[in-house]
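One structure below.
Numbering of ligands and ligand atoms starts at 1, following listing order. FYI, the numbering just counts along the sequence from 1.
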Amino acid sequence: MNVLVLNCGSSSLKFQIIQTDLEMIEKDADKQLAKGIIERIGSQALVSFQAAGKSAVKHVTPLRDHKAALDHIVKWIISADALIPGIQSLADIHAVGHRVVHGAELFTKSIIIDNAVIRGIEDCIDLAPLHNPANLKGINASRELLGTGVPAVAVFDTSFHSTMPESSFLYAIPYQLYRRHKIRRYGFHGTSHRYVAFRYRQLTGKTREETNIITVHLGNGCSACAIKNGASFDTSMGLSPLEGFVMGTRSGDIDPAVLEFLSHKEGMSMSEIDTLLNKQSGLLGISGLTNDMRDLLDEAKDHQDRRATLAINIFAQRAKKYLGSYLAELNGADAIIFTGGIGENSAVIRQRICSNLEWLGIEIDEQLNVEKVGGKEGEINSKKSRVKVFVIPTNEELLIARDTVRCVLDVPRKI
Ligand code: ADP
């Protein structure tokens, strides 16, 4: 089955075509046939397409909306330029898998999209005003361009965390607010946490019930998940992706009193404060330079920039604090998994987060740590370390494609 995986942001659209079926899933033999990204939808869009085994083709073209962007992708997919093996016409796209950010309490697993599901995703817009409308644009565009006869599946960032107990997901505010408005912690990055937990089981031969680990996703957005008996027990993001770690441009945890104080002192509206905390804070806010960890590490090393160093220190300290709290919540863990752009590539940050934790049974092997960059997978703990530490590159698109196959064929998922 050729699955088109779509991940729509407010002005971007990422896609992959993945060939997979139940037998290929079993053998880990799924094939990525093509991938691409369109950014700056709404103006002169930046387009990058790449068929497997070929180099990326890039160009700039005006694309007014997500439908125009998807139309552009679809035309390329079936064009002679792309020459994607096994894809001659649109009939060779057998299903579409959509990343959807917020499924609230409505969607606890991936699901075939029909009109009722679309209404449900619309009902979650209140909780994810930035993300769900973009996801819906992608869903509607693909229904229009490919037709409703091609099955489409929604895979939610929140659904892996639907196993969290009330003690993890409730905020300590009047309970009726949860009842009335469903104000609670939902968590995000669920597809990534679920994927690396699955790979951990593959690598170690553990069963789902034996999976007691902490997964740490460090990308532009950052979150950790405490996984108990294979299920999400706690996670650092909350009602929205703003809670938790210091991120590229998000503040993470902050005293809510800061909001009132800011509005008073700076005369800011709630929506301005929201933008400040989501888009101008985190690594960018502290350093005043960039939200990009790689650039910050270079600045700190090459120019001893004080605020770049401070941003890195605060980032690592907050991550370490979460690691400690999840180790306590789980009564210890068998493994810590690093993933995401920073988690997969920065030996320095991994070392900083795990530093001086030998007393807890966590010890990194320096050599193994520096070797595991650029998409390499494996253990980075020393032989003495009681807790294993892994780097596992995430692959949310693969999980979306696999969930799509399982939903279309109506077979239960194993993770
Ligand atoms: P997103 O969350 O948007 O998917 P990624 O998972 O790709 O983002 O992570 C992006 C982050 O990863 C950026 O801060 C980038 O600087 C960082 N990163 C990528 N490679 C490295 C590296 N070699 N060293 C440190 N940070 C890196």
Side-chain angles (χ1 to χ4, degrees), residues 5-16 35-40 46 48 99 101 130-131 134-135 155 157 187-196 199 215-225 235-237 240-252 278-302 305 308-309 311-316 318-319 337-354 369-377 380 391-400:
V5 176
L6 294 180
N7 180 353
C8 287
S10 54
S11 64
S12 69
L13 204 175
K14 284 191 221 162
F15 75 94
Q16 285 193 14
K35 65 176 181 180
I37 178 164
I38 300 187
E39 291 166 290
R40 297 204 200 150
L46 309 176
S48 172
R99 175 195 179 205
V101 169
L130 294 179
H131 297 100
N135 303 152
V155 180
D157 274 22
F188 299 86
H189 285 151
T191 315
S192 177
H193 292 297
R194 194 179 131 210
Y195 177 77
V196 297
R199 275 300 293 161
T215 50
V216 185
H217 178 114
L218 305 175
N220 272 315
C222 303
S223 70
C225 183
T235 191
S236 57
M237 285 176 167
S240 84
L242 186 54
E243 192 178 334
F245 284 57
V246 172
M247 309 180 211
T249 60
R250 297 190 190 115
S251 63
N278 274 295
K279 303 240 162 90
Q280 296 151 9
S281 299
L283 296 174
L284 172 66
I286 300 166
S287 70
L289 287 173
T290 172
N291 62 325
D292 192 292
M293 180 58 92
R294 198 173 3 189
D295 294 345
L296 281 179
L297 288 164
D298 288 346
E299 277 300 319
K301 192 160 157 238
D302 300 342
D305 186 275
T309 309
I312 296 164
N313 290 349
I314 296 174
F315 178 92
R318 177 82 56 89
I337 321 282
F338 283 102
T339 193
I342 301 170
E344 291 166 27
N345 293 299
S346 178
V348 176
I349 296 293
R350 295 189 300 241
Q351 172 59 44
R352 293 282 293 277
I353 295 172
C354 296
N369 188 28
V370 294
E371 282 168 8
K372 297 289 179 308
V373 290
K376 292 207 194 82
E377 182 182 71
I380 57 167
V391 175
I392 301 183
T394 195
N395 197 340
E396 292 159 277
E397 290 79 11
L398 180 64
L399 202 46
I400 293 172

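Remark: of the listed residues Val246, Leu296, Asp305, Leu296 is the sole one forming a side-chain contact (heavy atoms from CB on, under 4.5 Å) with Ile312.
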Please tabulate, one pair per line, all N/O donor-acceptor pairs under 3.5 Å involving side-chain atoms of residues 278-287, not counting sequence neighbours.
unit_1, atom_1, unit_2, atom_2, d
Asn278, ND2, Asp274, O, 3.2
Ser281, OG, Leu276, O, 2.5
Ser287, OG, Leu283, O, 2.8
Ser287, OG, Leu289, N, 3.0
Ser287, OG, Thr290, N, 3.3
Ser287, OG, Thr290, O, 3.4

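Counting the atoms of ligand 1 from 1 in the order shown, those under 4.0 Å from a heavy atom of Leu297 are 25 (C). Near Ser346, the atoms of ligand 1 lying under 4.0 angstrom from a non-hydrogen atom of the residue are 24 (N), 25 (C). Residue Gly219 has at least one heavy-atom neighbour below 4.0 Å for each of these atoms of ligand 1: 2 (O), 5 (P), 6 (O), 9 (O).
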Could you check Phe315 against Ile342 for side-chain contact (heavy atoms from CB on, under 4.5 Å), going step by step and ending with a plain yes or no? CA-CA 11 Å; Phe315 178 92; Ile342 301 170; 3.9 Å; yes

Side chain to side chain donor-acceptor pair (under 3.5 Å) assessment of His131 paired with Ser240: CA-CA 10 Å; His131 297 100; Ser240 84; over 6 Å; no

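Counting heavy atoms closer than 4.0 Å to ligand 1, residue Val373 contributes nothing at all.
Between Arg350 and Lys372, some side-chain heavy-atom pair lies under the 4.5 Å cut-off.
At least one donor-acceptor pair under 3.5 Å links the side chain of Thr339 to the backbone N or O of Thr394. Of the possible polar contacts, one joining the Ser236 side chain to the Ala224 backbone as a donor-acceptor pair under 3.5 Å is found.
Taking atom 14 (O) of ligand 1 as the reference point, the nearest protein heavy-atom neighbour is Met293 N, 3.0 Å. The protein heavy atom nearest to atom 4 (O) of ligand 1 is Lys14 NZ, 4.6 Å. Here the protein heavy atom with the shortest distance to atom 23 (N) of ligand 1 is Asn345 CB, 3.4 Å.
Shown here, atom 16 (O) of ligand 1 is in close reach of the protein: a heavy atom of it lies under 4.0 Å off.
Atom SG of Cys222 is separated from atom CE of Met247 by 6.5 Å, given to the nearest 0.5 angstrom.
Of the options Asn220, Leu218, Ile349, Ile342, the smallest heavy-atom separation from atom 1 (P) of ligand 1 is shown by Asn220.
Of the N or O atoms in Arg294, one or more lie within a sub-3.5 Å distance of an N or O in ligand 1. An N or O contact shorter than 3.5 Å links Gly341 to ligand 1 by distance. On a distance-only criterion, Asp292 and ligand 1 share at least one N/O pair closer than 3.5 Å.
Residue contacts with ligand 1 include Gly221, since one or more of its heavy atoms lies under 4.0 Å from the ligand.
Taking the six-membered ring where the residue is Trp, His189 and His217 present parallel rings, their angle staying beneath 30° rather than reaching 60°.
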